[in-house]
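Each chain gets a letter, A, B and so on, in the order the sequences are listed, and its residues count up from 1.
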2 protein chains.
Amino acid sequence: MTARTILIVDDDTELREALVEQLSLYDEFATIQADSAANGIALAKDDHIDLLLMDVGLPDIDGREAVKLLRKNGFKAPIIMLTGHDGDSDTILGLEAGANDYVTKPFKFAVLLARVRAHLRQHEQSEDATFAIGRYSFRPAAKIMQDDKGSKVRLTEKETSILKFLYRAGEKPVTRDILLHEVWGYNSGVTTHTLETHIYRLRQKIERDPSNAELLVTEAGGYKLVP
Amino acid sequence: MTARTILIVDDDTELREALVEQLSLYDEFATIQADSAANGIALAKDDHIDLLLMDVGLPDIDGREAVKLLRKNGFKAPIIMLTGHDGDSDTILGLEAGANDYVTKPFKFAVLLARVRAHLRQHEQSEDATFAIGRYSFRPAAKIMQDDKGSKVRLTEKETSILKFLYRAGEKPVTRDILLHEVWGYNSGVTTHTLETHIYRLRQKIERDPSNAELLVTEAGGYKLVP
DNA sequence: CTGTTTTTCACATCGCCGTGAGAACAGCGA
DNA sequence: TCGCTGTTCTCACGGCGATGTGAAAAACAG
């Protein structure tokens, strides 16, 4: 499992650092931080973010407005707002603005963690889920890989399935047989040679030097994805 | 917009009726109720449910166990749990069991409403979103329509897109031009005649009598879906 | 009755996919 | 080192389904 990147936006340095520290204990997470909405929005634009934790009460822009801005700019990852008091209207307006969830301070870290995991899990099978693979941004629902330069590679159905499954496996190599069964189903009468051909075609599309794979690598009787 | 069906499971009749009454004020919702987990699970099996509201403290089965059971049986719609006291472990264990959200009693109805809407919105573009169209259950991600008898109809890419968009429009007819732009994009060089052919093929697949459409009906210079 | 909308169906093309056949390569025992 | 074997890669071929279009029939509106 590749680490998911979480952006934390809060002007309270102490809380922010505490969150970073706690989350870093789990190697399923990587963190980035910002102390203002403006900085947070800038980071969200540049980097690939899997989930956003944001305080409602920020010095520069109101949290709800920031959410609206982000969504208008095409930010699709789940957003969890951290709110000071338990104000109902905060919750309602925030959710309507485009936030996915609210957690009231003070909160137990374990509660936040559970919600973070739940939202990541959900989002990863939504239509606008986007994964970072090498220099590409991979959108399964659109069957497209987009270069960091912006040039797009169109993928076929099978190619998308293969990449989806390899991504879920993270850095670990996946056996041909397993991959075969996951993509084609258990009684498909298709041999691993078919899979190999698909891998070949994928490499022609996405590797800089197809004869020298750097992203989609052969290893231990199977394939794996290199981030 | 077709009404979404919400199943409410709670042994507190007063609260249950109150929720039903409130939700019925909006014609975007239809409600079903059950006073025990067992009854709720039974209903969830038979009917098409878009969202489940469930009390944690039920007389027969614990709410969390009920959630686990439902998920194990393949229930995919979002589940919002209603919890009496604000117990952290309740929340965490509930989310891990497969619930999507928690709301603590007492709650303002407007808050619950906002969360219900947020979850419906999210779920409708997830991979296991399922829509009820006539006697069919339509799963866009799988590109399949399943009869109430269980027989499956495989759909093509374009057919799926067309149905997805028509469903979102609800009972209102959609102009050929709009549909064309939504499915093919704005500069595709394809005429409405192509769309008409796709509609023809769809009807061959899903209508009982293709020459006498009952589901995918022509109206006002466009098409609409009849529930 | 006439022009327009809508349906019906056949045809041609294109892309996806599975397979065959051979090349390249690595490992291993003699 | 040589030869054998199994794995992996490369590439071309053929089939099939999805899609767009043409042509004509049918339905409909005025």
- Do you know the tightest heavy-atom contact between B/K224 and B/P173? CB-CA, 3.5 Å

- Separation of D/dC9 P from A/E219 CD (nearest whole Å): 12 Å

- Task: Kindly indicate, with the supporting measurements, whether the criterion salt bridge (Lys or Arg N to Asp or Glu O under 4.0 Å) is fulfilled by B/R168 and B/E182.
- Result: CA-CA 12 Å; B/R168 267 196 262 272; B/E182 284 295 330; over 6 Å; no

- Under the side chain to side chain contact (heavy atoms under 4.5 Å, CB included) rule, what do B/R135 and B/D147 come out as? Steps first, then yes or no, please. CA-CA 6 Å; B/R135 65 186 174 286; B/D147 207 320; 3.9 Å; yes

- Looking only at heavy atoms, the pair that brings A/A66 and A/A37 closest together is CB-CB, 4.2 Å

Below 3.5 Å is the cut-off: list the nitrogen or oxygen pairs between protein and nucleotides 3-6 of chain C, distance only.
residue : atom : partner : partner atom : Å
C/dT6   : OP1  : B/R176  : NH2          : 3.3
C/dT6   : OP2  : B/R176  : NE           : 3.2
C/dT6   : OP2  : B/R176  : NH2          : 3.1
C/dT6   : O5'  : B/R176  : NH2          : 3.0

- Item | Rounded distance (Å) that lies between atom C1' of D/dT7 and atom CD1 of A/I199 | 15 Å

- Message: Need the bend value for the helix from C/dC1-D/dG30 to C/dA30-D/dT1: angle between end axes, 5 pairs each end, nearest 10°.
- Response: 20°

- Query: Closest approach of B/Y223 and B/T218, non-hydrogen atoms and distance?
  - Reply: CE2-OG1, 3.5 Å

- Note on the structure: Counting primed atoms, P, OP1 and OP2 as sugar-phosphate and everything else as base, the B/S/- map of nucleotides 17-22 of chain D against protein heavy atoms under 4.0 Å is -SBBBB

- Side-chain donor/acceptor of B/D50 to backbone N/O of B/I6, under 3.5 Å: no

- For the residue pair A/H181 and A/Y186, categorise the inter-ring angle as parallel (less than 30°), tilted (30 to 60°) or perpendicular (more than 60°). parallel

- Over all atoms of both residues, closest heavy-atom pair of B/T5 and B/H48: CB-O, 3.6 Å

- Verify the contact: side-chain N or O of A/Y200 to OP1 or OP2 of D/dC11, cut-off strictly under 4.0 Å; return yes or no. yes

- Message: Working to the nearest 0.5 angstrom, can you tell me the gap between B/I133 CD1 and B/L216 CG?
- Response: 9.0 Å

- Test item: side-chain donor near acceptor, B/T31 and B/R16, under 3.5 Å: no

